[in-house]
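Notes for the one structure printed next.
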Amino acid sequence: MRIAIGSMMHESNTFNKLTTGLETFNLADGDEFLQVQGWKGTVIDGIYNTLKEAGAEIGPMFFARAIPSGAVRLDAYEYIKARMIDKLRRSGPWDGVCLALHGSMAVEGLYDPEGDLLEAIRWEVGHEIPVVCALDMHATVTERMALLSDGYAAYRTAPHEDEAETGTRAASILLRSLAKGRKTVNAFVKIPLLVSGEQSETRVDPAKSLFEALAGYDALPPVLCASYVMGFPWADSPFGGAGALVTGWADDVEPLKELAKKVALNFWEKRAEFVYSAMALPPEQALQAALAFEKRPVIISDSGDNPTAGASQDTTNFLRLMLESGVRNAVYTCIADPRAYRECSAREIGETFPLTVGGYYSGKESERLSLSAELIARAESQGTAYAVMRARGVTFVVSNGRCATYDPRTLRGLGLAPETYDLIAIKAGYLSPEYQAMSELSILAHTKGDTALELRRLPYVKTPRPIYPLDIEMSF
Ligand SMILES: [Zn+2]
């Protein structure tokens, strides 16, 4: 049994106008991915281990993963696709293909890159062997994707804590299909709904109950795996919106279609209940609420500029507010600005100097903040370099490139103990489990940026209408 595996994962924020080139991707060719630390515990790890335990001969193709950002440049996508197809062609024949895709990638000139990739793979391997994919739960699935893959398994937790399990579920669909010599198929029902991750955390209802119910459906023959794919609201796409995706045996398709309709309707009926699980306030009120709260630490998400949903990570509007508010013993992480970092890297620790920070990627003059600040520390972590600065009671971090900020280990790696601050402000949406556990109160500040939470204010043009909540009065 020879199975090809590969991965292409990028969540593309089309409201961030800065496009994403190949240099942004973490790439691995063939077996190399086993050596790359960043793949451990991820969906591809789950796929690999499950296939290996089943005694499969695994043929790693090509792996590409990047932090969310603006739409991917066409040449970068074509390169990734060509590397995958080339490996499929040169190392075949195959008994199956198992992929880890995000599902909400946008490529300049292509509205449906995952569908395009699957089409190229089908031309290469044909329709006789199974092709099964794992997806992020924020995937924007198209009819073409549903047709061209034999099965899907999407994450069931947000924050995503079941990546490896999802890989296992995807690989298991493929293994069961091969063991029985029986084809599988997808039933897909689109749900005309835009919902942000901050309104659909799975530790609270309605997402909790909806996603927990899926495991029960998996056990109902002829179903193999039921998934919700919620789409990605910070992308303007003609395929925008959520969906219900049910994979099962192809020779018993009617119950799959019925179930897909039923679970889609279950989701739709809860549409008005998807609300923020944290307190959500305009930025000024968020700061006032934090200052007035008696317990510490309070964590505020600067949610309009969340790099893990593809924002530019270079706004300073919330840091500016913090500096003006008189807040003391606060930490802010982190502004990506290579130009400001360069300035910091040329200075001595303990030196106070004038610094201009922000607006580097977006080019927005209004986000450029000039201030006098002291350099506290410099450090490197996972390929990103950081400078820790302090001004007027606020410790803030500047990095030499865009990076994830949701893990408190980043601050610890810079010699800072986040739990000792009264206020921790993070460029993030919903909090990671670690920050969630640390916070006495968490607040989503409705700040400006590419991931602004008020979806009704975003300039959607291509997204199909009517869609909730842009159009409230509508039926499904
Ligand atoms: Zn996601």
Side-chain angles (χ1 to χ4, degrees), residues 7-16 20 25-26 38-39 41-47 64-72 99-106 113-114 133-142 145 152-167 169-170 191 193-204 207-208 210-211 214 227-235 237 239-245 267 274 276-277 301 303 306-311 313 402-407 426-436 444 450-451 453 455:
S7 180
M8 179 181 82
M9 299 188 80
H10 187 256
E11 187 174 68
S12 312
N13 182 322
T14 64
F15 297 118
N16 178 351
T20 302
F25 279 86
N26 179 354
W39 298 99
T42 64
V43 60
I44 200 71
D45 211 27
I47 290 173
R65 183 178 178 135
I67 181 174
S69 46
V72 175
L99 302 172
L101 304 175
H102 184 285
S104 280
M105 182 158 160
E114 285 89 353
C133 306
L135 290 173
D136 191 285
M137 75 201 301
H138 301 115
T140 302
V141 171
T142 64
M145 286 171 68
Y152 286 102
Y155 304 162
R156 290 173 174 173
T157 59
H160 305 323
E161 296 177 89
D162 64 335
E163 287 197 33
E165 281 166 46
T166 305
R169 280 188 287 118
I191 309 168
L193 175 74
L194 292 171
V195 61
S196 69
E198 287 64 35
Q199 295 167 308
S200 50
E201 282 184 73
T202 54
R203 63 187 171 84
V204 286
K208 183 175 192 290
L210 287 165
F211 280 89
L214 295 175
S227 299
Y228 283 121
V229 280
M230 294 198 287
F232 182 59
W234 295 290
S237 160
F239 304 108
L245 191 51
F267 202 91
F274 289 103
Y276 304 115
S277 41
S301 297
S303 64
N306 172 11
T308 37
Q313 200 186 349
R402 293 180 67 261
C403 53
T405 52
Y406 53 80
D407 190 336
I426 316 170
K427 285 194 182 293
Y430 54 75
L431 296 182
S432 64
E434 295 82 3
Y435 271 129
Q436 189 67 49
L444 282 165
D450 301 321
T451 51
L453 283 176
L455 302 183

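All values reported here derive from a predicted model rather than from experimental measurement. Both counts, for ligands and for their atoms, begin at 1 and track the order of listing. What's counted below: heavy atoms across the whole structure, side chains too, no hydrogens, waters or symmetry copies.
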Got a sec: is His102 within less than 2.8 Å of the Zn ion (ligand 1) via an N/O/S atom? no
Mind checking the SG-CE spacing from Cys133 to Met8? Nearest 0.5 Å is all I need. 9.5 Å
Do you know which N/O/S atom name in His138 is closest to the Zn ion (ligand 1)? ND1
Hey, are the side chains of His160 and Thr166 touching, using non-hydrogen atoms and a 4.5 Å cut-off? no
Can you tell me the N, O or S atom of Asp136 that's nearest the Zn ion (ligand 1)? OD1
Establish, from distance only, whether the side-chain atoms of Thr157 and Asp162 form a donor-acceptor pair under 3.5 Å. yes
Any donor-acceptor pair under 3.5 Å linking the side-chain atoms of Thr20 with those of Ser69? yes
